[in-house]
**Q** 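Here you go, one structure.
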Amino acid sequence: MEYHNPVMLEECIEAMDIQSGGIYVDVTFGGGGHSKRILSELGDAGRLIVFDQDSDALEQADIRDSKLTFVASNFRYLKRFLDYHECIPVDGILADLGVSSHQFDDVDRGFSFRDQTKRLDMRMNVGQQLDAVAVLNNYDEQQLADVFYYFGELRNAKVLAKAIVKERKSRALITVGDLLSVVETVVKGMSNKFLAQLFQAVRIEVNGEMEVLKEMLLAAGEVLKPGGRLVVMSYHSLEDRIVKNYLKTGNVEGRIIKDEFGNIFRPFRLVNKKTTTPDALEISKNPRARSAKLRVAEKI
Ligand SMILES: C[S@@+](CC[C@H](N)C(=O)[O-])C[C@H]1O[C@@H](n2cnc3c(N)ncnc32)[C@H](O)[C@@H]1O
């Protein structure tokens, strides 16, 4: 099975505007689909620094190329590692957010609700302590409701949190099946859509996805050279809102900042004013691409 099918590959490569001697960063290496194409556009003087916090990504990467540097770390440390590898400023940064097909399809990782016997894990970095078992068994009712509501946009977040807290008084929730059996008591006819939103919410919390995205974007603005490209592909509205705010205003809250003369501070020029989305052919071949939204901006 393919590790991961790269989404909007041509669109991303075009958006990066690759110069053969430039320095580029792929903060989400995954199966290396985008990275391989970036490498093929680079000449001998070019460099590509890639990040992935999942050791599986590193293990399956069969690229031998002197232009490539692999950083087995969270992209929240973007600036620190680029500094260490002496490659600031950079010409372009690509982020293809979320989990890979490999992470999702490997049921032992606990990201999917397909196999009820599996442990609720959901860590991209298996060296990290916090996993889904810890979130579901240790968070208080309000914290759980917030996770379900803000990260899964579930309307019955409070009811579900209450049911989980009640159930775990008699037994810990360890497996996918344990969680589904509680959900069943409060949600009639659990749809796949509902479960996908619930699992997304827990996954986002386990991996701190919103916080690390914000940190990475702020760092990206600091390490890109003027004219450098920031290319971000997101898969749900929470991520996309943060990316849009940052590209438009230079801060993740979307606050308009003016100088003393009233001029609006704009650190980026938007290359695509609206998001770019995959065409019908790509979606038919790769259903995971369905929710992808690409934003491209150039550092001023
Ligand atoms: C959607 S996949 C990227 C797929 C890749 N573009 C390709 O074509 O094969 C996302 C990858 O980024 C990694 N990832 C997600 N968030 C990360 C973070 N904060 N730091 C480092 N890696 C991260 C995941 O482990 C996963 O392997």
Side-chain angles (χ1 to χ4, degrees), residues 1-13 15-16 24-41 48-63 68-82 92-106 108-112 121-128 130-131 151 200 203-220 230-236 238-240 242-243 252 278 282 285-295:
M1 195 188 281
E2 281 260 10
Y3 191 94
H4 184 87
N5 231 328
V7 174
M8 282 194 274
L9 181 59
E10 296 310 323
E11 291 86 340
C12 289
I13 297 301
M16 297 283 284
Y24 294 88
V25 187
D26 178 352
V27 296
T28 49
F29 180 79
H34 290 95
S35 280
K36 280 177 204 154
R37 265 305 293 280
I38 296 171
L39 279 173
S40 74
E41 304 279 327
L48 175 65
I49 322 298
V50 303
F51 285 69
D52 207 299
Q53 61 178 333
D54 186 342
S55 49
D56 282 1
L58 174 59
E59 273 165 28
Q60 60 83 42
D62 62 346
I63 311 175
L68 180 73
T69 303
F70 202 107
V71 180
S73 167
N74 196 301
F75 60 49
R76 75 192 310 171
Y77 305 118
L78 176 68
K79 191 173 174 197
R80 191 185 298 179
F81 280 100
L82 293 184
I93 298 175
L94 171 70
D96 177 11
L97 301 171
V99 288
S100 65
S101 311
H102 166 79
Q103 288 164 328
F104 192 74
D105 294 339
D106 179 354
D108 288 328
R109 303 288 301 264
F111 287 105
S112 137
D121 187 323
M122 305 197 198
R123 292 169 301 168
M124 291 191 212
N125 170 2
V126 293
Q128 153 188 323
L130 186 75
D131 65 2
F151 297 158
Q200 170 189 290
R203 186 201 93 200
I204 289 176
E205 177 63 21
V206 167
N207 296 287
E209 289 178 44
M210 295 303 132
E211 283 316 305
V212 298
L213 172 61
K214 291 174 188 172
E215 289 177 39
M216 186 273 288
L217 290 172
L218 293 171
L230 181 54
V231 177
V232 185
M233 201 146 45
S234 60
Y235 293 85
H236 54 80
L238 304 167
E239 282 175 343
D240 184 53
I242 292 172
V243 176
V252 292
E282 175 164 10
K285 287 186 186 160
N286 180 10
R288 184 179 182 274
R290 196 183 327 111
S291 50
K293 283 185 176 164
L294 180 66
R295 290 194 185 266

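We're numbering straight along the sequence, starting at 1. Only a predicted model underlies this, so the values are computations on that prediction, with no experimental measurement involved. As the structure lists them, so they are numbered: ligands from 1, and atoms in each ligand from 1.
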**Q** For residues Glu209 and Met124, determine if any side-chain heavy atom of one lies less than 4.5 Å from a side-chain heavy atom of the other.
**A**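 Yes, close enough: below the 4.5 Å cut-off.
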**Q** Below 4.5 Å, heavy atoms only, C-beta onward: do Phe29 and Val71 meet side chain to side chain?
**A**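 Contact flag for Phe29/Val71 side chains = no.
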**Q** Taking only residues two or more places apart in sequence, or in another chain, which ones meet Lys79 in a salt bridge (Lys or Arg N to Asp or Glu O under 4.0 Å)?
**A** Glu222
**Q** Can you list everything that forms a ring-ring contact (aromatic ring centres under 6.0 Å, His included) with His102? Sequence neighbours excluded, please.
**A** Tyr3
**Q** Can you name the side-chain contact (heavy atoms from CB on, under 4.5 Å) partners of Phe151, sequence neighbours left out?
**A**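 With sequence neighbours excluded, Phe151 shows a side-chain contact (heavy atoms from CB on, under 4.5 Å) to Val147, Ala201, Ile204, Glu205, Met210, Leu238, given in chain and number order.
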**Q** Taking any residue with a non-hydrogen atom under 4.0 angstrom from an atom of ligand 1, which ones do you get?
**A** His4, Pro6, Val27, Thr28, Phe29, Gly30, Gly31, Gly32, Gly33, His34, Asp52, Gln53, Asp54, Ser73, Asn74, Phe75, Asp96, Leu97, Gly98, Val99, Ser100, Gln103, Met124, Val212, Arg288
**Q** Do Asp56 and Gln103 have side chains that get closer than 4.5 Å, going by heavy atoms?
**A**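 Answer no - side chains too far apart.
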